[in-house]
Amino acid sequence: MKTYRSKYLISALVIIVLSIWAIYATSARNAEASKTKIYLDLFEKAFAPTHWRAETFFLFPQIWRQEKLICIIADEQEIFLSFMISTIETISATYEKQHEVRVVPSPEHCPNNHYSIVIYYGKNPGFEGFKSIFSKLTECASKNNSIDFEAPLAFTIFLPGGTKRTFIFINKIDRGIHSKREYLEPIFIEELMHALSAGYDVSDDELISILAENHNVATYEKWYTKNPRGLCEFDLMVLELILNKSEEIEHRRYVNFLNYFEVHFNDLAKAARAKHPMLEAITDPRCRDGISYRTE
């Protein structure tokens, strides 16, 4: 009788354990599928063309094929300069890319390198000032009408003249909240991410990123309670795709990037997790684990 009862208890215990395992396994698969869909939706929001057919639209991220030149136009005494350089060096080291950073006093000192990134850190010179800067960099005035050149904080654009050079502007403000490092640092991380990936800001109320924008804030001081202070897992997957996998993508069409992102999703996520420790200084810990954080 005891033997029968023991066998019954063991069988019941096995069934319970297997049932619990099946529930957790199903839950994990569902969560992973949900995460994949959310990330794919975000990828489309960040990179899909707005005025071109997806099949023919080419992406032009800043591929690191050889040594990358980053030319920073700034005063060498600027305190914030060290953060910009360290961020560039951190990304370069993490993805095993060679780079050169040159700090120059004015635009005409930036070499005309076809794939370079130019960073201008200084006071907003206004529309005419930017026209002059672009002329010195490219011998071609900008015809871009989509940028508010009076923007108080920052923007990223491709330089005119048919090159693949990217221009980042970071406004140097001497007083107020915009002069504080806690605001300047995420602004620079955001613009550098846009320059490298050629992705757009995405409106979202969750910190999934490509530096999602949630405008439901009472004041600018509250901005980073609802918006990223650094990169999220999704962004690290995009960097892995852009910096380490783009050479595997036939042609450079948006749909091919999207297909690669979907097919190799798990590999990109695994690589992002592996690289996170090296990039921790420029990530946002609230969204480090993916889609678990919802802003208040």
Side-chain angles (χ1 to χ4, degrees), residues 46 49-51 58-63 68-85 87-88 99-181 183-202 210-211 213 215 220 223 227:
T50 55
H51 304 295
F58 282 80
L59 285 182
F60 294 104
Q62 276 284 346
I63 305 303
K68 175 71 68 181
L69 174 64
I70 296 96
C71 185
I72 303 178
I73 305 166
D75 187 331
E76 289 189 352
Q77 304 304 313
E78 291 289 353
I79 298 175
F80 189 57
L81 190 60
S82 61
F83 176 80
M84 291 192 285
I85 294 174
T87 300
I88 293 165
H99 75 286
E100 177 189 357
V101 175
R102 295 190 192 179
V103 181
V104 300
S106 55
E108 60 267 24
H109 291 92
C110 280
N112 188 15
N113 184 294
H114 191 67
Y115 286 99
S116 65
I117 296 176
V118 178
I119 302 169
Y120 180 84
Y121 177 60
K123 294 184 182 299
N124 191 319
F127 180 73
E128 292 300 324
F130 278 118
K131 282 177 60 178
S132 174
I133 290 171
F134 295 150
S135 294
K136 292 175 182 177
L137 289 171
T138 66
E139 299 180 357
C140 176
S142 175
K143 297 180 181 178
N144 192 317
N145 296 318
S146 63
I147 297 293
D148 177 8
F149 289 104
E150 303 296 335
L153 295 179
F155 60 76
T156 299
I157 63 169
F158 284 116
L159 283 170
T163 73
K164 300 299 186 295
R165 300 167 76 200
T166 309
F167 179 86
I168 298 174
F169 167 64
I170 305 291
N171 200 350
K172 181 182 183 302
I173 299 176
D174 294 326
R175 57 176 60 89
I177 60 173
H178 297 147
S179 66
K180 297 179 180 179
R181 287 284 292 267
Y183 295 102
L184 277 175
E185 290 178 4
I187 289 171
F188 177 70
I189 292 170
E190 175 180 1
E191 298 306 330
L192 184 60
M193 181 67 185
H194 290 318
L196 292 174
S197 69
Y200 304 103
D201 284 322
V202 174
I210 195 171
L211 309 178
E213 291 192 327
H215 294 281
Y220 193 83
W223 178 267
N227 288 276

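Below, each value reflects all heavy atoms present in this structure, side chains not excepted, and no hydrogens, waters or symmetry copies.
Closest heavy-atom contact between H194 and G199: ND1-O, 2.9 Å. P111 and R165 make their closest contact through O-NH2, 3.2 Å (heavy atoms, listed as atom of the first residue, atom of the second, distance). The two residues P107 and K136 have their closest heavy-atom pair at CB-CB, 4.0 Å. The minimum heavy-atom distance between M84 and I119, with the atom names listed, is SD-CG2, 4.0 Å.
E100 places none of its side-chain heavy atoms less than 4.5 Å from the side chain of I70. Residues T156 and F167 fail the side-chain proximity criterion, which asks for heavy atoms closer than 4.5 Å. When side chains are defined from C-beta on, I88 does not count as touching F83, because their heavy atoms never get closer than 4.5 Å. Put simply, the side chain of I79 reaches to within 4.5 Å of the side chain of R181, judged on heavy atoms. In this structure, the side chains of F169 and N124 come closer than 4.5 Å at one or more pairs of heavy atoms.
Remark: I133 CD1 to S106 OG distance equals 10.0 Å, nearest 0.5 Å. Here CD1 of I168 is found 7.0 Å from CD of E191. Values are rounded to the nearest 0.5 Å. With rounding to the nearest 0.5 Å, the separation of CD1 in I170 from CD in E78 is 12.5 Å. From C110, atom SG reaches atom CG of L69 across 7.5 Å, with rounding to the nearest 0.5 Å. Between the CD1 atom of I117 and the OG1 atom of T166 there is a distance of 5.5 Å, given to the nearest 0.5 Å. Atom CD1 of residue I157 and atom CZ of residue F134 lie 3.5 Å apart, to the nearest 0.5 angstrom.
Relative orientation of the F130 and Y120 rings is perpendicular, given thresholds of 30° and 60° on the angle between their planes.
The side-chain hydrogen bond (donor to acceptor under 3.5 Å, both in side chains) test applied to S132 returns no partner, not counting sequence neighbours. Not counting sequence neighbours, K180 has no partner by the side-chain hydrogen bond (donor to acceptor under 3.5 Å, both in side chains) test.
Panel note: side chain R102, backbone I73; no donor-acceptor pair is recorded below 3.5 Å. Between the side chain of H109 and the backbone N or O of V104, no donor-acceptor pair lies under 3.5 Å. Although no hydrogens or angles enter the test, the distance criterion places no donor-acceptor pair under 3.5 Å between the side chain of N171 and the main chain of I173.
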*Output, in order, the C-alpha distance, side-chain angles, deciding distance and verdict of ring-ring contact (aromatic ring centres under 6.0 Å, His included) for Y121 and F80.*
CA-CA 9 Å; Y121 177 60; F80 189 57; 5.5 Å; yes
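Aromatic pair Y183/F188: ring centres not closer than 6.0 Å.
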